[in-house]
S.K.: 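I have a structure here, written as structure tokens, and I will follow up with some questions on it.
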Amino acid sequence: MASDPTLPLEDFLAAIPRNSRLIGLDLGTKTIGLALSDLGRGIASPMETIRRKKFTLDAEQLLKICKEQEVGGIVLGLPLNMDGSEGPRAQATRAFARNLAPKTELPITYWDERLSTAAVTRTLLEADSSRAKRAEVVDKMAAAFILQGFLDRLGHMSAAGDFDDDQN
């Protein structure tokens with residue numbers, strides 16, 4: 001089995017250029033939800049949803065967006081089971097990362113995405129969104145939920161002095 005090309009958090013932070021955005025991915029079987037951070041890496045915004053076709057086409061579209069948006073790193077939601085174990089979806093996500101890594105020099109890391117889609121769906125239901133509207137936005141909003149969790153962790157690390165921001 002090929003080794004995992006993703007980086008642990010500290011290595012990922014050291015690899016991303018200063019003043020670059022991060023892109024968050026919610027990888028589904030039919031779509032890939034995308035979210036983009038601001039340059040200060042404090043806020044994640046839903047961006048768009050890629051309708052999956054074939055891996056090569058999906059990767060080309062994703063990497064084109066990364067180039068256009070001057071993305072410095074990819075945060076890939078890892079769908080763990082509630083007990084922390086990995087099922088088929090997590091394995092598919094790891095395979096996506098293994099296949100994407102040779103196509104880009106962008107660093108890739110995982111972020112635990114348990115309950116991201118459920119949380120977004122609940123929020124949309126509370127906002128009384130129609131089923132059609134929810135289907136249209138849930139993937140990119142789940143990506144934003146994933147990326148915001150990651151950005152919040154970075155903010156907490158910075159506030160606690162867990163890493164030296166001048167390294168980036």
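None of these values were measured; they are calculated from a predicted model.
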S.K.: Keeping to residues at least two apart or across chains, list the ring pair (Phe, Tyr, Trp, His ring centres under 6.0 Å) pairs with something in residues 50-100.
M.R.: Phe55-Phe96
S.K.: If I take atom OG1 from residue Thr29 and atom CZ from residue Arg89, how far apart are they, to the nearest 0.5 angstrom?
M.R.: 7.5 Å
S.K.: Pairs in or reaching into residues 19-54: which pass ring pair (Phe, Tyr, Trp, His ring centres under 6.0 Å), with residues at least two apart or in two chains?
M.R.: none
S.K.: Does Leu13 share a hydrophobic cluster with Ile146, counting links as ILVMFWY side-chain heavy atoms below 4.5 Å and allowing steps through other members?
M.R.: yes
S.K.: Taking Ile32's backbone N and O only, do any of them form a donor-acceptor pair with Arg52's side chain (distance below 3.5 Å, no angle check)?
M.R.: no
S.K.: Between Ala142 and Asp26, what is the shortest heavy-atom contact and its length?
M.R.: CB-OD2, 3.4 Å
S.K.: Is a side-chain N or O of Arg21 found less than 3.5 angstrom from the main chain of Ser37, in a donor-acceptor match?
M.R.: yes
S.K.: Atom CG in Leu27, atom OG1 in Thr93: separation rounded to 0.5 Å?
M.R.: 4.5 Å
S.K.: Looking at every heavy atom in both Leu7 and Pro107, which two are closest together, and how far apart are they?
M.R.: CD1-CB, 3.7 Å
S.K.: Would you please name every residue forming a side-chain hydrogen bond (donor to acceptor under 3.5 Å, both in side chains) with Glu86, sequence neighbours left out?
M.R.: Arg94
S.K.: With sequence neighbours left out, write down each residue that passes side-chain hydrogen bond (donor to acceptor under 3.5 Å, both in side chains) with Asp152, or none if nothing qualifies.
M.R.: Gln148
S.K.: Which heavy atom of Pro46 sits nearest a heavy atom of Met141, and at what distance?
M.R.: CG-CG, 4.1 Å
S.K.: Which residues pass the salt bridge (charged side-chain N to carboxylate O under 4.0 Å, His left out) test with Asp112, sequence neighbours left out?
M.R.: Arg114
S.K.: Going by side-chain hydrogen bond (donor to acceptor under 3.5 Å, both in side chains), name the pairs with one or both residues in residues 99-109, residues two or more places apart or in two chains.
M.R.: none
S.K.: Supply the atom-to-atom distance Thr6 OG1 to Leu100 CG, rounded to the nearest 0.5 angstrom.
M.R.: 11.5 Å
S.K.: Can you find a pair of side-chain heavy atoms, one from Asp4 and one from Tyr110, that are under 4.5 Å apart?
M.R.: yes
S.K.: Sequence neighbours left out, cut at 3.5 Å: what donor-acceptor pairs do the side chains of residues 59-74 make with other protein atoms?
M.R.:
none

S.K.: Quick check: do Leu34 and Leu25 have side-chain heavy atoms less than 4.5 Å from each other?
M.R.: yes
S.K.: Which pair of heavy atoms, one from Asp58 and one from Lys53, lies closest together, and at what distance?
M.R.: OD1-N, 2.9 Å
S.K.: Could you check whether any side-chain heavy atom of Arg41 comes within less than 4.5 Å of a side-chain heavy atom of Ile16, counting everything from C-beta outward?
M.R.: yes
S.K.: Checking Phe150 now: which residues fulfil ring pair (Phe, Tyr, Trp, His ring centres under 6.0 Å) with it, not counting sequence neighbours?
M.R.: Phe12, Trp111
S.K.: Just do the side chain to side chain contact (heavy atoms under 4.5 Å, CB included) check on Leu22 and Leu147 with the steps written out, would you?
M.R.: CA-CA 8 Å; Leu22 298 179; Leu147 184 56; 4.1 Å; yes
S.K.: Which pair of non-hydrogen atoms, one from Gly24 and one from Ala143, has the smallest distance, and what is that distance?
M.R.: O-CB, 3.6 Å
S.K.: For Ser85, give me all partners under side-chain hydrogen bond (donor to acceptor under 3.5 Å, both in side chains), at least two apart in sequence or on another chain.
M.R.: Asn81, Asp83
S.K.: Does Met47 belong to the same Ile/Leu/Val/Met/Phe/Trp/Tyr cluster as Leu76, with side-chain heavy atoms less than 4.5 Å apart forming each link?
M.R.: yes
S.K.: Could you work out, with side-chain hydrogen bond (donor to acceptor under 3.5 Å, both in side chains) as the rule, every residue matching Thr31, not counting sequence neighbours?
M.R.: Asp139
S.K.: Side chain to side chain contact (heavy atoms under 4.5 Å, CB included) with Asp38: which residues, sequence neighbours excluded?
M.R.: Ile43
S.K.: Is it true that Leu106 and Leu36 fall in one hydrophobic cluster, defined by side-chain heavy atoms closer than 4.5 Å?
M.R.: yes
